[in-house]
**Q** 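Sharing a structure here in structure tokens format.
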Amino acid sequence: MTLFTKQVVAIIAAIPEGRVMTYGQIAAHAGSPRAARQVVRILHSMSRKERLPWHRVVNAKGEIAITDDESRTMQENELISEGVAFQMDGSIDLTRFRHEPDPDCLLHHLASIKDEHE
DNA sequence: AGTATGACTTTAG
DNA sequence: ACTAAAGCCATAC
């Protein structure tokens with residue numbers, strides 16, 4: 001497992017209830033602004049083993065990115081139950097629900113991750 | 001080791 | 001506003 005992966009996991013795990021982040025955002029905070037797709041892969045592989053709030057991750061337009069119908073509905077329900085409101089067009093208002101990690105907190109977090117990283 | 005694969009993003013037409 | 005194409009790079013096989 002790479003450092004990038006651990007950072008992504010840590011960032012996702014730190015998303016509070018009722019908030020969402022985009023793939024690109026997460027990738028950028030983990031050090032690779034163009035690695036949105038890796039975030040997807042990590043979500044796929046890690047959400048099975050780890051308990052990640054994968055439902056709090058959406059695409060850049062604030063829409064649910066998942067393709068599977070059942071999972072998409074499940075994500076929708078999770079978000080609604082957390083207080084995330086969907087707009088008429090089925091997207092989320094990112095100006096209201098986007099989570100921006102606190103820089104200091106993030107730095108500290110990443111430092112401790114780097115330590116435990118082999 | 002080499003190739004294929006994405007629950008994406010951004011830019012260009 | 002919509003579609004097309006290229007870029008990205010850690011996993012899975």
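Chain identifiers are assigned alphabetically (A, B, ...) following the order of the sequence lines, protein sequences preceding nucleic acid strands; residue numbering begins at 1 within each chain.
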**Q** Can a donor-acceptor pair under 3.5 Å be found between the side-chain atoms of A:R41 and the base atoms of B:dT5?
**A**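 Result: at least one qualifying N/O pair found.
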**Q** Measure the spacing between CD1 of A:I64 and CD1 of A:I92 and express it to the nearest 0.5 Å.
**A**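 The CD1 atom of A:I64 sits 6.0 Å away from the CD1 atom of A:I92.
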**Q** Assess whether side chain to side chain contact (heavy atoms under 4.5 Å, CB included) is satisfied between A:R51 and A:M46, documenting all intermediate values.
**A** CA-CA 8 Å; A:R51 293 197 176 182; A:M46 302 305 281; over 6 Å; no
**Q** Could you state the atom-to-atom distance from NE2 of A:H44 to C1' of C:dC9 in whole Å?
**A**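 My rounded result for the distance is 15 Å.
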**Q** Should A:T5 be listed as having a side-chain N or O under 4.0 Å from OP1 or OP2 of C:dT11?
**A**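 Indeed, a polar side-chain atom of A:T5 lies that close.
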**Q** Could you tell me if the side chain of A:Q75 sits less than 4.5 Å from the side chain of A:R56, heavy atoms only?
**A**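 Side-chain contact under 4.5 Å: no.
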**Q** Starting from the C-alpha separation in whole Å, work towards a yes-or-no answer on side chain to side chain contact (heavy atoms under 4.5 Å, CB included) for A:F86 and A:S91.
**A** CA-CA 5 Å; A:F86 285 81; A:S91 68; over 6 Å; no
**Q** Nearest-Å distance, CD1 (A:I15) to P (B:dA7)?
**A**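 So the two atoms are 18 Å apart, to the nearest Å.
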**Q** A:D68 CG to B:dG6 P: how many Å, rounded?
**A**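 So the two atoms are 13 Å apart, to the nearest Å.
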**Q** Among C:dT11, B:dA7, B:dC8, find the nucleotide with the atom closest to the side chain of A:N59.
**A**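 It is B:dC8.
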**Q** Starting from the 5' end of DNA chain C, give me the residue, A:F4 or A:A36, whose nearest nucleotide shows up first.
**A**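 Nearest nucleotide further toward 5': that of A:A36.
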**Q** Checking all strands, does A:T22 fall into the base, sugar-phosphate, or nothing category for heavy-atom contacts under 4.0 angstrom?
**A**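 The residue A:T22 makes sugar-phosphate contact but no base contact.
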**Q** Which of these nucleotides, B:dA7, C:dC8, B:dT9, is closest to any side-chain atom of A:R34?
**A**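 Between B:dA7, C:dC8, B:dT9, the one nearest the side chain of A:R34 would be C:dC8.
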**Q** Of the nucleotides B:dA7, C:dT11, B:dT9, which has the atom closest to the A:A60 side chain?
**A**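 Nearest nucleotide to the side chain: B:dT9.
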**Q** Check the distance between C:dA10's P and A:I26's CD1 and give it to me in whole angstrom.
**A**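 In whole Å, C:dA10 P lies 16 Å from A:I26 CD1.
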**Q** Output the rounded distance in Å from CG (A:L3) to P (C:dC9).
**A**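 Whole-Å distance recorded here is 15 Å.
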**Q** How many whole angstroms separate atom CD of A:Q38 from atom C1' of B:dT9?
**A**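 Nearest whole value for this atom pair: 12 Å.
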**Q** Could you tell me how far apart A:E70 (CD) and B:dA7 (C1') are, to the nearest whole angstrom?
**A**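 Taking CD of A:E70 and C1' of B:dA7, I get 15 Å after rounding.
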**Q** Rounded to the Å, how far apart are A:L43 CG and C:dT11 C1'?
**A**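 Value for this atom pair: 13 Å.
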**Q** So, do A:L106 and A:I11 sit near enough that their side-chain heavy atoms are less than 4.5 Å apart?
**A**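 A:L106 vs A:I11: side chains touch.
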**Q** As a test of reading the structure: which of B:dT9, B:dG6, C:dT11 is closest to the side chain of A:R37, going by heavy atoms?
**A**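 Taking heavy atoms from C-beta onward, the closest nucleotide is B:dG6.
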